[in-house]
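In what follows, a single structure is set out as structure tokens and then discussed.
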Amino acid sequence: MTETLAFLDAVGDGTAMRVLIRLFSAAVDIVPFAALLLVLRGWARLPWSARVAMLGCILFGFVAVYADAIAPFGEREIVGDVWQGPGTDCLSTADDGTERAGTCHLGTDNLGRDMLSRLIFGAQTTIAVALIASLLSFSAGMLLSFTAAVVGGWTDQILSRINDMLLAIPTLIFALVVLAALPQNIVILVLVMAVIDQTRVYRLGRAVAVDVVVQDYVEAARLRGEGWLWIIFREVLPNVWTPLIAEFGLRFAFAVLFLSTLSFLGLGIQPPEADWGGMVKDNKDGIIFLVPAALYPGAAIALLAVSVNMVVDWMLNRTASLKGGRG
Amino acid sequence: MSEAPGTGPDSAAATAPGTVLEVRDLHIGATVYPPNEPPRDIEIVHGVSFAIEKGKVLGLIGESGAGKSTIGLAALAYGRGGVRITGGEVWLHGENILALPKSGIRGVRGRRVTYVAQSAAAAFNPAHRLGDQVVEAALKHGLMSRREARERARMLFETLGLPDPDSFGRRFPHQVSGGQLQRAMTAMALCPAPDLIVFDEPTTALDVTTQIDVLAAIKRAIEETDVAAIYITHDLAVVAQISDDIMVLRHGNTVEYGPVQQMIEAPREAYTRELLSIRSDIKPQAEDQSGALLQLEGIDAAYGEVPVLFDVSMHLPKGQTLAVVGESGSGKSTTARVITGLLPPRAGTVSFKGEPLPPALSRRSKEQLRQIQMIYQMADTAMNPRQTVAEIIGRPLGFYFGLKGGERARRVAELLDQIEMGQGFADRYPAELSGGQKQRVCIARALAANPELILCDEPTSALDPLVAEGILKLLMELQAETRVSYLFITHDIATVRAISDSIAVMYMGRVVRFGPKDEVLSPPFDDYTDLLLKSVPEMKLGWLERALASRRMDSAGN
């Protein structure tokens, strides 16, 4: 156990995780591009909301992947005074002592770091962690819930009761206890978020899957002698995509918010690394002095949630069609 | 909607006295959204005219999509699901209701014209007592006090032959049978003492033995209250019992319109004759019925603790058809579930080709599974809506025979030919097929496994008569070609007569009669077989009264 923890510690703190996140966000970033390519021919037929949202997602993805190149200043670099206003001058000092003047377009934060740069680096952490956590929770939740629905009997009982048990513990308390006990690093954070969220996905997945499992075509597949993997992936899954995709949009937004909540409480992403929730926390006191610094990361969270959900809405229209989306 | 001419007294004078409803040159349209095309307007009903007098019943008959229900709802000045009345006039007691403003139409619906839906189970609110729902329209329109309405409801329950009329209204919809619910709905329609009732296939979802009682109750209620009615159905034999006039519709056009006697005894149009002659050609039964591809011996089965089948035995020779008949809940489908292994029996054996089959599905080999295939009643739910026709038919080919790629595509094309559908259907989704085509695809999926036995669970009962006829014909041709055997579950005696070699009659989980067709269908009958045979509507005037007078036991719905 201690060895595992030590390993997780090493991975989480080391640059390996950073590289992993970057690789992952690069891979994920291909998705909106690929989607864009796929719909490019049908771009004219896309509703305007989907177009705007798609562009928004691509923008967020792009910013996250190329944060190093885009950000005008470093993530941890102090470039000016505390809470400078937007558009003020600031000064960056390199390791060798050379100085470079620039402008802080969104001002500086509570420690005098460039707000825009931190927002850009924060996009990387926030999106990657939230996305990995929701993907993990969906994979686990769907696989477990479909197995419960298809196999039924004792398997269903055991899985469902374990899930109920987890559901009975308040989310935040559960996360607080576990994160306080385990070493604070990104891998554990992601896993904890995934496990907690998985219980909700399981609930929904089982509910929609049991409706499908009693259909005649599933019985026909059983009579044919199909195994349960075929039934899960070929008969059930395609028929429950619609509610699950809708849920994914929602869960992803929740994951961003949950991560922000944890960071706000000091248990999420650890300083000095930037993440949007943590940035709100760092700058919240500025609001009293009419410093808008805390509003930028808040707006970024809102924009991301809206963009993702608008894309999801458009995908819903496609998956809900029983005519292969040709209509 | 086109501007209707004035509703003054002079235009009303054009309507003959005693006429309750007159429909003139009714046009109904809708907007369709075809794939990859801009939406366009189509016309569903192209100029239909008819008139109904007080106390008379007009039967509207035709297959799905003929516009029957659409025309029926036009009598309430209503278009369902984006349907619009685009032209014509609907005169109710000398008043053109299509020209009425919204508030005027509200005074017509549920007060002067009422509606009886096909599925009473879906139309009643499960959360309210039947009595409250029955009197609701009368109260909302302020036609009578609550006490008067309750008294009238009680009287109607009695007229409709509902049990215990004093307390029937206290029950919830789930506490009564399907036939009783349909009669309660008729009571609901009659309660505000309307001028006209629209019956939209009120007996289609019922068993034959229940249907006859509901029909008789509706007929009696119409006679006693002297209301005018439109009766919509696709079963000419049913409509012949209850109507005074019949209008045959097809593709939104009137095919033939006239008094019931003339329509049944001397139809002028070819299409009417076709409807009349459905299932009149009967296959002779096989001579030698000694073999047994499938044999059931002393099967007892139960769902949990509730016993459903008692000592069920029957056998089916190779290349023949065994029809299993009986009403809902008689154990027909459960018998099929036992044969498939979905429900392992408590006692008894199922033998296939002389070998006993393992009782549970999970113990059967792939080869055993391949030889027994199944066709379902609802083709809609029997196919995965997310798979194309080629995937649906192709899967058994890949699963049982390991066919891949071009070979599989070739075999799918062959099968599509066999079920008389072109290869253009291969990449369609089930939602893009008609009801009959869906059932054909299900047949192709069963055939793809090259089975010895196909269990057909009421494969035609959800289809229009002419489409069902086509499916039965296809099944018979396939049997002649491939020597496949059918176990055919149905409650339709006419189908049984037409296609079976042997018959098993089931009642309350027991086989009450089993043997070659001619023997089972000739007297002396046991009481249940007698009831079943007498409940099948015949295309003869006065059948209903004769059948009710001569049957020996009451149906279970009472």
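Residue numbers begin at 1 in each chain, while the letters A, B, ... track the order of the sequences.
When each of B:Leu369, B:Asn384, B:Leu342 is scored by its heavy-atom pairs under 4.5 Å with chain A, the top score falls to B:Asn384. Each of B:Ile372, B:Ile392, B:Asp380, B:Leu361 has some count of heavy-atom pairs under 4.5 Å with chain A, and the biggest count is that of B:Leu361. Contact tally against chain A (heavy-atom pairs below 4.5 Å) for B:Glu391, B:Lys366, B:Arg395, B:Met378: the top residue is B:Arg395.
We find that B:Arg370 and B:Glu367 are joined by a salt bridge, their nearest charged nitrogen and carboxylate oxygen being less than 4.0 Å apart. Comment: B:Glu432 does not engage B:Lys438 in a salt bridge, judged by the lack of any side-chain N to carboxylate O separation of less than 4.0 angstrom. With salt bridges taken as basic N to acidic carboxylate O contacts below 4.0 Å, one links A:Arg161 and A:Asp164.
Summarising the geometry, atom CZ belonging to B:Phe352 is positioned 10.0 Å from atom CD1 belonging to B:Ile339; distances are rounded to the nearest 0.5 Å. Between the OG atom of B:Ser351 and the CG atom of B:Leu294 there is a distance of 8.0 Å, given to the nearest 0.5 Å.
Using non-hydrogen atoms only and a strict 4.5 Å limit, the part of residues 225-235 of chain A facing chain B consists of A:Gly225, A:Glu226, A:Trp230, A:Arg234, A:Glu235. Among residues 442-456 of chain B, the residues having any heavy atom closer than 4.5 Å to a heavy atom of chain A are, in sequence order, B:Arg445.
The neighbour count for A:Arg200 CZ, taken as heavy atoms of other residues, nucleotides or ligands under 6.0 Å away, is above 12.
Within the 4.5 angstrom heavy-atom criterion, only side-chain atoms of B:Met374, from C-beta onward, approach chain A.
In this model, no donor atom of one side chain and acceptor atom of the other lie less than 3.5 Å apart for B:Gln387 and B:Tyr429.
Under the 6.0 Å distance and 45° angle rule, B:Lys332 does not count as a cation-pi partner of B:Phe488.
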Checklist entry - Do A:Arg222 and A:Glu219 pass the salt bridge (Lys or Arg N to Asp or Glu O under 4.0 Å) test, and can you show the C-alpha distance, the side-chain angles, and the key distance before you say yes or no? => result CA-CA 5 Å; A:Arg222 282 187 210 273; A:Glu219 188 181 300; over 6 Å; no
Checklist entry - Going through the checks in order, is the side-chain hydrogen bond (donor to acceptor under 3.5 Å, both in side chains) test met by B:Asp427 and B:Thr388? => result CA-CA 5 Å; B:Asp427 62 351; B:Thr388 62; over 6 Å; no
Item to check | Evaluation steps, side-chain hydrogen bond (donor to acceptor under 3.5 Å, both in side chains), between A:Asp216 and B:Thr381 | outcome: CA-CA 6 Å; A:Asp216 286 345; B:Thr381 57; 3.2 Å; yes
